Peer 1: 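Supplied in structure tokens, the structure appears directly below.
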Amino acid sequence: MAQELVLDSKLQSTKSLAWWLYILHGLSFLFSLGAFSWIPLIINYIKKDDAAGTFVESHHRWQIRSFWWYLFWMVVGGILFMTVIGIPFAWLIWTAAWVWKAYRLIKGILDLNDNKAMKI
């Protein structure tokens, strides 16, 4: 059975952008613990419609959801950190959120490279 290779420049362009957004989210995550991830987040929101109907759209949603859930857990950790009893729990939540976010970034970029949609 022969396979046909179809090159779609629009799909390739949206895929490249999603790849770069993963890189920007990752750099922000490593160097600022995600504090500057709002920059690629805005691009995710703007460009998500350009990828509508393709597997790349799921990667934009994946990155957007990753940002908001990570922010949520960081805030929960921050609230717990304000109490003496909650400090160890805050560190535990922050560590778990960091590992979870790293997993989401790595899984996302690997699936994007394999042309797989993200299961959300």
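It should be emphasised that the depicted structure is a prediction, and the values quoted were computed from it without experimental measurement. Excluded from the calculations below are hydrogen atoms, water molecules and symmetry mates; all remaining heavy atoms, backbone and side chain alike, are included.
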Peer 1: Under 6.0 Å between the ring centres of Trp19 and Tyr22?
Peer 2: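 No, the ring of Trp19 stays outside the 6.0 Å limit from the ring of Tyr22, centre to centre.
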
Peer 1: How long is the gap from CD1 on Ile109 to CZ on Arg104, to the nearest 0.5 Å?
Peer 2: 14.5 Å

Peer 1: Answer with yes or no after comparing the ring centroid distance for Tyr70 and Phe29 against a 6.0 Å cut-off, counting only values under it.
Peer 2: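 Close enough - the centres of the two rings lie under 6.0 Å apart.
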
Peer 1: Quick check for you: to the nearest 0.5 Å, what is the distance between Gln63 atom CD and Ser37 atom OG?
Peer 2: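 OG of Ser37 is found 9.5 Å from CD of Gln63.
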
Peer 1: Atom NZ in Lys47, atom NE2 in His60: separation rounded to 0.5 Å?
Peer 2: 8.5 Å

Peer 1: Counting heavy atoms not belonging to Phe36, are there more than 12 under 6.0 Å from its CZ?
Peer 2: no

Peer 1: Is it possible for you to say whether Met118 and Tyr103 belong to one hydrophobic cluster, with membership spreading through side-chain heavy-atom contacts below 4.5 Å?
Peer 2: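 Hydrophobic grouping puts Met118 apart from Tyr103.
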
Peer 1: Quick check: closest heavy atoms across Ser58 and Ala117, and the distance to 0.1 Å?
Peer 2: OG-CA, 3.4 Å

Peer 1: Using modelled atom types and a 3.5 Å cut-off, is there a donor and acceptor pairing between side-chain atoms of Ser28 and backbone atoms of Leu24?
Peer 2: no

Peer 1: Same hydrophobic cluster for Leu27 and Trp100, using side-chain heavy-atom links shorter than 4.5 Å among ILVMFWY?
Peer 2: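 Shared cluster, yes.
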
Peer 1: Looking at CD1 of Ile64 and CG of Leu21, how far apart are the two atoms once the value is rounded to the nearest 0.5 Å?
Peer 2: 9.5 Å

Peer 1: Does any part of the side chain of Lys15, heavy atoms only, come nearer than 4.5 Å to the side chain of Leu112, both counted from C-beta?
Peer 2: yes

Peer 1: Considering non-hydrogen atoms only, spot the tightest contact between Ala52 and Glu57 and give its length.
Peer 2: CA-OE1, 3.5 Å

Peer 1: Are a donor atom and an acceptor atom from the side chains of His59 and Asn44 found within less than 3.5 Å of each other?
Peer 2: no

Peer 1: Within the supplied structure, the quantity of interest is the number of heavy atoms (other residues, nucleotides, ligands) at a distance under 6.0 Å from Tyr45 OH; does it exceed 12?
Peer 2: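 Yes.
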
Peer 1: To the nearest 0.5 Å, tell me how far Trp94 CH2 sits from Phe81 CZ.
Peer 2: 5.0 Å

Peer 1: Could you report the tightest heavy-atom contact between Leu105 and Gly26, atom names first, then the distance?
Peer 2: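 Looking at all heavy atoms of both residues, the closest pair is CD1-CA, 3.7 Å.
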
Peer 1: Do Ile93 and Leu71 share a hydrophobic cluster, counting only Ile, Leu, Val, Met, Phe, Trp and Tyr and linking them when any side-chain heavy atoms are less than 4.5 Å apart?
Peer 2: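 Cluster IDs for Ile93 and Leu71 differ.
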
Peer 1: Report the distance from atom CZ of Arg65 to atom CZ of Arg61, rounding to the nearest 0.5 Å.
Peer 2: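 Here the interatomic distance stands at 9.0 Å.
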
Peer 1: Side chain to side chain contact (heavy atoms under 4.5 Å, CB included) between Ile87 and Thr83: does it pass, once the steps are laid out?
Peer 2: CA-CA 6 Å; Ile87 291 173; Thr83 66; 6.0 Å; no

Peer 1: Is the shortest heavy-atom distance from the side chain of Leu41 to the side chain of Trp68 under 4.5 Å?
Peer 2: yes

Peer 1: Between Trp62 and Ser66, is there a side-chain heavy-atom distance shorter than 4.5 Å?
Peer 2: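 Sidechains of Trp62 and Ser66: in contact.
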
Peer 1: For Thr54 and Ala51, which heavy atoms make the closest approach, and how far apart are they?
Peer 2: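 Taking every non-hydrogen atom into account, OG1-O, 2.6 Å.
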
Peer 1: Might you confirm whether atom CH2 of Trp91 has over 12 heavy atoms from other residues, nucleotides or ligands at distances under 6.0 Å?
Peer 2: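 Not buried by this count: 12 neighbours or fewer within 6.0 Å.
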
Peer 1: Tell me, do Asp50 and Leu17 make a side-chain contact under 4.5 Å, heavy atoms counted?
Peer 2: no

Peer 1: Treating Ile, Leu, Val, Met, Phe, Trp and Tyr as nodes and any side-chain heavy-atom pair under 4.5 angstrom as an edge, say whether Leu80 and Val75 lie in one connected cluster.
Peer 2: no

Peer 1: Under a single-linkage definition using a 4.5 Å side-chain heavy-atom cutoff for Ile, Leu, Val, Met, Phe, Trp and Tyr, are Leu30 and Phe67 assigned to the same hydrophobic cluster?
Peer 2: no

